There are 2 protein chains.
Amino acid sequence: MPSITEENYLKALLRLGNEPLAEGQVGTNELAAYLQVKPSSVHDMLKRLRNRGWINYQKYGKISLNESGRALAVGILRKHRLWETFLHDTLGFSWDEVHEVAEQLEHIQSAKLIDRLDFFLGYPKVDPHGDYIPDSDGHLEPLAAIPINQVETGEVVTLLAVKGNDPTYLQYLSHLEIRIGIEFKLIERVTFDGSLVIEYMGKRQTISRMTAEGLLVSRNT
Amino acid sequence: MPSITEENYLKALLRLGNEPLAEGQVGTNELAAYLQVKPSSVHDMLKRLRNRGWINYQKYGKISLNESGRALAVGILRKHRLWETFLHDTLGFSWDEVHEVAEQLEHIQSAKLIDRLDFFLGYPKVDPHGDYIPDSDGHLEPLAAIPINQVETGEVVTLLAVKGNDPTYLQYLSHLEIRIGIEFKLIERVTFDGSLVIEYMGKRQTISRMTAEGLLVSRNT
DNA sequence: TTTACTTGTTAGACCTGCCTAACTTTACTA
DNA sequence: TAGTAAAGTTAGGCAGGTCTAACAAGTAAA
Ligand SMILES: [Mn+2]
Ligand SMILES: [Mn+2]
Ligand SMILES: [Mn+2]
Ligand SMILES: [Mn+2]
């Protein structure tokens, strides 16, 4: 059974390996930056994770999860997202408050607890940020969504999920009345700085490129 | 903020200090036995807890929590018992399953989570084992109950709480249909080995001294 | 009051997880 | 293709938390 720290490394490898272009391959410095530790610390841990049989790694090579490491990481992600859903739906936390607490709760070891929580919540498919919750068999649906800045002017799209855990970002979206499931029409793209003008709920709003990058949408059929 | 290990030591000091005759005073070996570590490890930790300002302790002397240490310990106990109540009442865990998981959940750091959980559960007064749940101000009602073997023959008493976390003990009680709130009449005391014959729910049952010691009852008015 | 036993402390070691500083390898650019 | 910048590794060290083995204090009985 992995320690809490080991679990956080495994989860980070899953996350970073799923980035577009990453193809499961992650670098030492990248991991260090993401986990807010030094590359030398990462290197120590990588040796341990390899000895424990969870990753593929050799000196100066890229890192990837193997089957058992990926299974562990997906299990932690499942717990994280179920807890976020519990905090939001049952206890009334706002979507910007859930991540931090779920970072702790995801490390509780009890299969029964997670099964019962899943049942209690009605087997939810997505968490409060629109991300898919892995099922109990370790299946994780890939999110078929693109950032809204990759959409053509005039298109109408639906917000499937938001990317990023920064509470101030999520609070800002709430302030703009942007929620999962909302429909946007892309009115205009500002070539100068990549800002977008979007229309939703009968109003027009300009959002910066940075804000737009976190809005993951599907093209409406 | 205490580490998880520090929290477990503080909680143990509260627990052992509340034993009858202990009067807040606890010994090194006693603590070591309770926490399943060696006395030398305890000694190391005691120095740390003293430096952190949570206990009164000097070489070769007895150990006691000070005000701030006690407040921390009571806070952890509150979380432990609220989580046990959640697991039991909301998720349908049996009373022998809740303790182990609550040992983990009690260390989650989030005041809001505990407040909301308390609200969600309807501000429960007692946990699944009949123990009082400290309130959010740190008040912990002392349990006015005695082990059933201190009761006179012929007396009728009510089961207020059970003592001990051993799942097999709790399962055995369930098997005997013994639950919190039940009424017992003490029929007979076996002087040889301290066994008791009790009557409840229309049946007679012999229980060993060991079993009886965990049944905390109140004399009926 | 000396002895024996129990309780508590110290020294030295190990593992986890992190750091800094110095080094090596790889990748890219001139 | 050499030279440099970036990425990655090594050595050595530190704090938390534990251990074993040896030692010191306190306690209680002879
Ligand atoms: Mn999250
Ligand atoms: Mn985490
Ligand atoms: Mn318990
Ligand atoms: Mn605990």
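All of these numbers come straight from a predicted model, not from anything done at the bench.
With hydrogens and angles left out, the side chain of S40(B) and the base of dT20(D) share a donor-acceptor pair within 3.5 Å.
No donor-acceptor contact under 3.5 angstrom links the side chains of Q171(A) and S174(A), judged on distance only.
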Legend entry - Check against side chain to side chain contact (heavy atoms under 4.5 Å, CB included), K11(A) and E103(A): CA-CA 11 Å; K11(A) 204 177 54 143; E103(A) 274 302 310; 2.6 Å; yes
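Between the P atom of dT9(D) and the CG atom of L46(A) lies a distance of 7 Å, rounded to the nearest Å. Counting to the nearest Å, the P atom of dC5(C) and the CG atom of N29(B) are 17 Å from each other. Put simply, CE on M45(B) is 16 Å from P on dT10(C), counting in whole angstrom units. Following rounding to the nearest Å, E6(B) (CD) and dT18(D) (P) show an atom-to-atom distance of 10 Å. One interatomic measurement links the two molecules: CD of E7(B) to P of dG16(D), which rounds to 16 Å at whole-angstrom precision. Straight-line distance from the CD atom of E30(A) to the C1' atom of dT9(D): 18 Å, rounded to whole Å. Distance, R52(B) CZ to dG16(D) C1': 10 Å, rounded to whole Å.
Here dG8(D) is the nucleotide among dT9(C), dG8(D), dT18(D) with the atom lying nearest to any side-chain atom of T28(A). Closest approach to the P39(A) side chain among dG8(C), dT9(D), dT18(D) is made by dT9(D) (side chain taken as heavy atoms from C-beta onward). Counting only heavy atoms from C-beta on, K47(A) has its side chain closest to dT10(D) among dT10(D), dG8(C), dT18(D). Ranking dG8(D), dT9(D), dC18(C) by closeness to the K59(A) side chain, first place goes to dT9(D). Distances from the side chain of D44(A) to the nucleotides dT9(D), dC19(C), dG8(D) place dC19(C) closest. Out of dG8(D), dT10(C), dC19(C), the shortest distance to the side chain of Y57(A) is found at dG8(D). Residue K38(B) has its side chain nearest to dT20(D) when only dT9(C), dT20(D), dC18(C) are considered. For H43(B), taking side-chain heavy atoms from C-beta onward, the closest of the listed nucleotides dT10(C), dT18(D), dG8(C) is dT10(C). The side chain of Y60(B) has dG8(C) as its nearest neighbour among dG8(D), dT9(D), dG8(C).
Here Y9(B) reaches the OP1 or OP2 of dT18(D): one of its side-chain N or O atoms lies under 4.0 Å away.
Cation-pi geometry between K112(A) and F93(B) is met: the NZ or CZ atom falls under 6.0 Å from the ring centre, inside 45° of the normal.
In this structure, H80(A) has its ring center under 6.0 Å from that of H99(A).
At the heavy-atom level, S41(B) lies under 4.0 Å from base atoms of the strands shown.
Rounded to the nearest 0.5 Å, atoms CD (Q109(B)) and CD1 (I4(B)) are 8.0 Å apart.
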